[in-house]
Engineer: 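Let me begin by handing over the structure; questions about it come next.
A note on names: the letters A, B, ... follow the listed sequences, proteins ahead of strands, and every chain is numbered from 1.
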Number of protein chains: 2
Amino acid sequence: MKPQETERAAGSLHQRIVADLESRILSGQWPPGHRIPFEVELSAAYGCSRMTVNKALGRLVDAGLIERRRKAGSFVARPRSQAAVLDIHDIRAEVTARGAAYRFEIVARARRAATPADRLRIDVPAGAPLIALRTLHYADDRPFCSEDRLISLAAVPEAGAEPFDALPPGAWLVARVPWTQAEHSIAARAATKEQAARLDIAPGAPCLVVERRTWRAGEPVTGVELAYPGALHRLVARFAPTG
Amino acid sequence: MKPQETERAAGSLHQRIVADLESRILSGQWPPGHRIPFEVELSAAYGCSRMTVNKALGRLVDAGLIERRRKAGSFVARPRSQAAVLDIHDIRAEVTARGAAYRFEIVARARRAATPADRLRIDVPAGAPLIALRTLHYADDRPFCSEDRLISLAAVPEAGAEPFDALPPGAWLVARVPWTQAEHSIAARAATKEQAARLDIAPGAPCLVVERRTWRAGEPVTGVELAYPGALHRLVARFAPTG
DNA sequence: CGCCCGCATATGTATAGTCATGAATCGGCA
DNA sequence: TGCCGATTCATGACTATACATATGCGGGCG
């Protein structure tokens, strides 16, 4: 069977098979728990080798759409928890995307040993050396986001000497430190008096607060709290097909 | 080369290769833009066939860790926007996970043709038949979340006759309608007077508002707004290695 | 000097076949 | 009848091979 004979529609053959099976599952034609045809049956149906079907089914497993059990066959997975993929953009990109001019300002900077309060935000050992930064991000000279960040000097020693005058701390870190793990927590909170003053909103006004803790190969790198005025900002996520 | 000779550690050979390359990329040993060895070199290094390496590299492409160009080679991708995977749990699961008793109540229900206001929340044509539901979710008899939902009867005709007495509308829909696309928007908003009354919080208190719009094969299915008292709830996301 | 063609090369896709693994099933034995 | 072991079978993993495709690069020609 030459590949050319079947390669219309959606690129390669196994992609076509993936798309086809996917549509049958997502359309409900094959409900959760349904046993899909065996590899040999599919390879006969599509007129290709078993490896090609196998590759397609492997992708569907990765996508969480099917589960496979030896001897028993392949089954449409029952969706468990829905998942959404949240794009965490660079703050500069967010601001410029809405057509505003971006500017940031480091309003406070300190070097200190980790206090118990710090250790709630970054899981370094007590007394570990940290850089604490408070940054204000502006969109067209209006406060857009207040950032409170701790950086572990053990993980990023060069942060101690960095003036952060060209890049804000977040972008600087992303460009420098590849990270393997991050944990995000999103909440709505009333602005404290200080936050309100910094963000130029009323005290008690709702803020979207994003907390992020980041590790690199198990070692804590940074912990940050971003507070956005609720009226200004929303996070957008798209669906992830994970079942 | 027999598969048995190398299959210790992490399962299959191509999984081991994936994990190995992944760690080199995430550790920074291979920075973004770095050209990784050619398939033939890797297959020689791991003592396996090119197909096995190809499979592993294919996975890394899917994961967004590398980019591949014909003739040129494979390169470590430069991270663009960070991505976080947000698990959207069933509300019942959320409530019971914190050890509380779950209960829900449909407080309003209407069948109507889509109004312009409705069409901001679900992109059906004007006048399309809808079911509008307002649901209150309780944790241990305390209001946990207020849900405002529109369901397109064109997409889910059986929703018209469904009493929603056993399952809340969200869970009922998930069990019934497989969906292909969803869009989430997360914001912090002050509770309106009505929301505050329903949620038993002070008017103006911050709420975490999640809006979700769902399509099935391009057809709008449902639009929902979930309002959580800010003090009660936070969304947690984990990092996704997607660059 | 510059442009274009063609070759070398690395990836992309697909095939056929082999061996391993684990689970369902059937048959035999108690 | 009930249980246990052997068989069978579908998936899982991998190899060797083949051909398609695109592209970077260098040589040749205008």
Engineer: Less than 3.5 Å apart, which donor and acceptor atoms pair up between the side chains of residues 95-102 of chain B and the rest of the protein, not counting sequence neighbours?
Structural biologist:
unit_1  : atom_1 : unit_2  : atom_2 : d
T96(B)  : OG1    : R92(B)  : O      : 2.9
T96(B)  : OG1    : A93(B)  : O      : 3.2
R98(B)  : NH1    : L232(B) : O      : 2.9
Y102(B) : OH     : H137(B) : ND1    : 2.7

Engineer: Checking H14(A) now: which residues fulfil ring pair (Phe, Tyr, Trp, His ring centres under 6.0 Å) with it, not counting sequence neighbours?
Structural biologist: none
Engineer: In whole Å, I'd like the distance from the NZ atom of K55(B) to the P atom of dA14(C).
Structural biologist: 15 Å
Engineer: Once ring pair (Phe, Tyr, Trp, His ring centres under 6.0 Å) is applied, do any residues pair with F164(B), and if so which ones, sequence neighbours excluded?
Structural biologist: W172(B)
Engineer: Rounded to whole angstrom units, what separation is found between the CG atom of D62(A) and the C1' atom of dG12(D)?
Structural biologist: 14 Å
Engineer: Would you tabulate the pairs of protein nitrogen or oxygen atoms and nucleotide nitrogen or oxygen atoms of nucleotides 6-10 of chain C closer than 3.5 angstrom?
Structural biologist:
unit_1 : atom_1 : unit_2 : atom_2 : d
dT9(C) : O4'    : K71(B) : NZ     : 3.4

Engineer: Atom CE of M51(B) and atom C1' of dA13(D): how far apart are they, to the nearest Å?
Structural biologist: 11 Å
Engineer: Between dG12(C) atom C1' and E67(B) atom CD, what is the distance in whole Å?
Structural biologist: 17 Å
Engineer: With sequence neighbours left out, write down each residue that passes side-chain hydrogen bond (donor to acceptor under 3.5 Å, both in side chains) with T52(A), or none if nothing qualifies.
Structural biologist: S49(A)
Engineer: Got F38(B) and L42(B) here, is their nearest side-chain heavy-atom distance under 4.5 Å?
Structural biologist: no
Engineer: Tell me every residue that passes salt bridge (Lys or Arg N to Asp or Glu O under 4.0 Å) with R68(A), counting only those two or more places apart in sequence or in another chain.
Structural biologist: E39(A)
Engineer: Taking only side-chain N and O atoms of T52(B), does any of them lie within less than 4.0 angstrom of OP1 or OP2 on dT15(D)?
Structural biologist: yes
Engineer: What is the distance from CG of L57(B) to P of dT13(C), rounded to the nearest Å?
Structural biologist: 13 Å
Engineer: How long is the line joining NE2 of H14(B) and P of dT15(D), in whole Å?
Structural biologist: 12 Å
Engineer: Which nucleotide wins on minimum distance to the side chain of N54(A), given the candidates dG12(D), dC14(D), dA14(C)?
Structural biologist: dG12(D)
